[in-house]
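A short write-up of the structure that comes next.
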Amino acid sequence: MASYALCPSVKNILLLDSEGKRVAVKYYSDDWPTNSAKLAFEKFVFSKTIKTNARTEADIALLDGNVIIFKFVQDLHFFVTGGDDENELVLTSVLQGFFDAVTLLLRNNVDKREALENLDLILLCLDEIVDGGMILETNGPLIAEKVTSHSVDAEAPLSEQTLTQAWATAREHLTRTLLK
């Protein structure tokens with residue numbers, strides 16, 4: 001039986017606006033059990049990092065026993081949080097993968113308005129990167145490709161299809177059955 005203690009893990013991924021308000025967030029840890037605790041953490045992280053110059057490359061902070069890697073682009077602030085024993089380079093590769101995928105999905109127009117208009121793609125992007133705290137993928141172009149793949153392969157197993165593809169396949173099978 002494999003031990004997950006040795007796998008790098010992520011506690012949360014945050015995408016906040018220039019005022020520290022949520023654009024897209026995903027928590028994978030029970031460190032913040034309530035929504036108010038999550039909002040307080042986001043406000044705390046934002047207030048501690050706002051004065052840094054993380055515009056050209058990712059920066060790192062150790063706050064409340066958490067390693068936080070962050071990067072600011074236009075009016076969006078990207079954050080990846082891990083435990084204090086997590087490898088900073090792994091967390092940085094998660095942040096860079098998320099940022100690269102979002103940049104591709106938003107066609108290099110990375111700002112709050114565009115992010116809100118494509119929020120569904122960003123949330124799918126988060127699902128492709130981390131599942132239950134375990135890192136699945138850090139390659140930005142590959143993440144963006146998985147999110148934007150619209151080709152429905154009815155022969156692919158359901159476990160490899162996105163939810164939309166699975167619904168389309170089920171609808172197609174139902175239609176064929178009813179028309180027979």
Side-chain angles (χ1 to χ4, degrees), residues 2-106 110-112 114-116 118-144 146-147:
S3 171
Y4 294 112
L6 299 177
C7 286
S9 64
V10 172
K11 289 186 174 187
N12 62 45
I13 299 178
L14 311 173
L15 180 59
L16 306 177
D17 67 8
S18 59
E19 298 171 356
K21 305 283 189 251
R22 286 181 175 184
V23 174
V25 299
K26 195 85 169 203
Y27 284 83
Y28 308 102
S29 167
D30 293 332
D31 290 359
W32 306 276
T34 64
N35 194 42
S36 59
K38 292 173 183 174
L39 289 170
F41 176 75
E42 293 162 20
K43 183 177 180 180
F44 171 72
V45 168
F46 181 79
S47 67
K48 294 294 185 183
T49 59
I50 188 66
K51 296 197 188 304
T52 63
N53 188 15
R55 298 236 174 244
T56 56
E57 59 186 43
D59 204 347
I60 183 171
L62 183 62
L63 301 171
D64 280 354
N66 295 300
V67 174
I68 301 169
I69 310 293
F70 56 97
K71 183 174 187 171
F72 306 151
V73 178
Q74 306 246 3
D75 57 350
L76 291 177
H77 298 216
F78 295 78
F79 299 90
V80 173
T81 306
D84 60 354
D85 57 342
E86 290 299 330
N87 186 326
E88 294 86 1
L89 295 176
V90 172
L91 295 176
T92 301
S93 69
V94 171
L95 176 73
Q96 193 61 46
F98 179 45
F99 173 74
D100 291 346
V102 168
T103 300
L104 288 169
L105 292 170
L106 301 182
V110 183
D111 64 7
K112 180 182 176 182
E114 194 72 25
L116 290 173
N118 294 288
L119 188 58
D120 57 336
L121 296 176
I122 292 174
L123 293 173
L124 284 172
C125 184
L126 291 172
D127 291 340
E128 290 292 337
I129 296 170
V130 178
D131 184 24
M134 291 185 59
I135 300 166
L136 301 175
E137 185 62 61
T138 60
N139 183 336
L142 185 59
I143 295 164
K146 286 180 180 180
V147 167

Across all chains, not counting sequence neighbours, the side-chain hydrogen bond (donor to acceptor under 3.5 Å, both in side chains) partners of T138 are none
For a quick test of your reading: what N or O donor-acceptor pairs under 3.5 Å do the side chains of residues 90-106 make, sequence neighbours left out?
{"unit_1": "T92", "atom_1": "OG1", "unit_2": "E88", "atom_2": "O", "d": "2.7"}
{"unit_1": "S93", "atom_1": "OG", "unit_2": "V90", "atom_2": "O", "d": "2.7"}
{"unit_1": "Q96", "atom_1": "NE2", "unit_2": "D100", "atom_2": "OD1", "d": "2.8"}
{"unit_1": "T103", "atom_1": "OG1", "unit_2": "F99", "atom_2": "O", "d": "2.8"}

Looking only at atom types and distance, does a side-chain atom of D30 sit under 3.5 Å from a main-chain N or O of P33, one as donor and one as acceptor?
no
Does the E86 side chain pair with the main chain of S9, one donor and one acceptor, at a distance under 3.5 Å?
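Pair found, side chain donor or acceptor close to backbone of S9.
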Restricting to side chain to side chain contact (heavy atoms under 4.5 Å, CB included), what partner residues turn up for D131, sequence neighbours left out?
L136
Partners meeting side chain to side chain contact (heavy atoms under 4.5 Å, CB included) with E57 (sequence neighbours left out):
none
Rounded to the nearest 0.5 Å, what separation is found between the [atom1] atom of [X] and the [atom2] atom of [Y]?
| X | Y | atom1 | atom2 | value |
| --- | --- | --- | --- | --- |
| F46 | E19 | CZ | CD | 8.0 Å |
| S18 | I50 | OG | CD1 | 7.5 Å |
| L124 | L119 | CG | CG | 9.5 Å |

So, do V25 and I13 sit near enough that their side-chain heavy atoms are less than 4.5 Å apart?
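No, side chains not in contact.
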Taking C-beta and beyond as the side chain, do P8 and N87 meet within less than 4.5 Å on heavy atoms?
no
Only pairs under 3.5 Å count here: list side-chain donor-acceptor contacts from residues 60-72, not counting sequence neighbours, and write none if there are none.
{"unit_1": "N66", "atom_1": "OD1", "unit_2": "K11", "atom_2": "NZ", "d": "2.8"}
{"unit_1": "N66", "atom_1": "ND2", "unit_2": "D64", "atom_2": "O", "d": "3.3"}

Under 3.5 Å, sequence neighbours excluded: what are the donor-acceptor pairs made by side chains of residues 73-84?
{"unit_1": "D75", "atom_1": "OD1", "unit_2": "K112", "atom_2": "N", "d": "2.9"}
{"unit_1": "T81", "atom_1": "OG1", "unit_2": "N12", "atom_2": "OD1", "d": "2.7"}

So, for A115 and V23, which heavy atoms are closest and what is the spacing to 0.1 Å?
CB-CG1, 4.1 Å
Heavy atoms of K146 and E137 approach each other most closely as NZ-OE1, 4.0 Å
List in chain and number order the residues that pass salt bridge (Lys or Arg N to Asp or Glu O under 4.0 Å) with K26, two or more places apart in sequence or in another chain; answer none if no residue qualifies.
D127
Suppose the criterion is side chain to side chain donor-acceptor pair (under 3.5 Å): which pairs have a residue in residues 39-53, not counting sequence neighbours?
R22-E42, Y27-E42
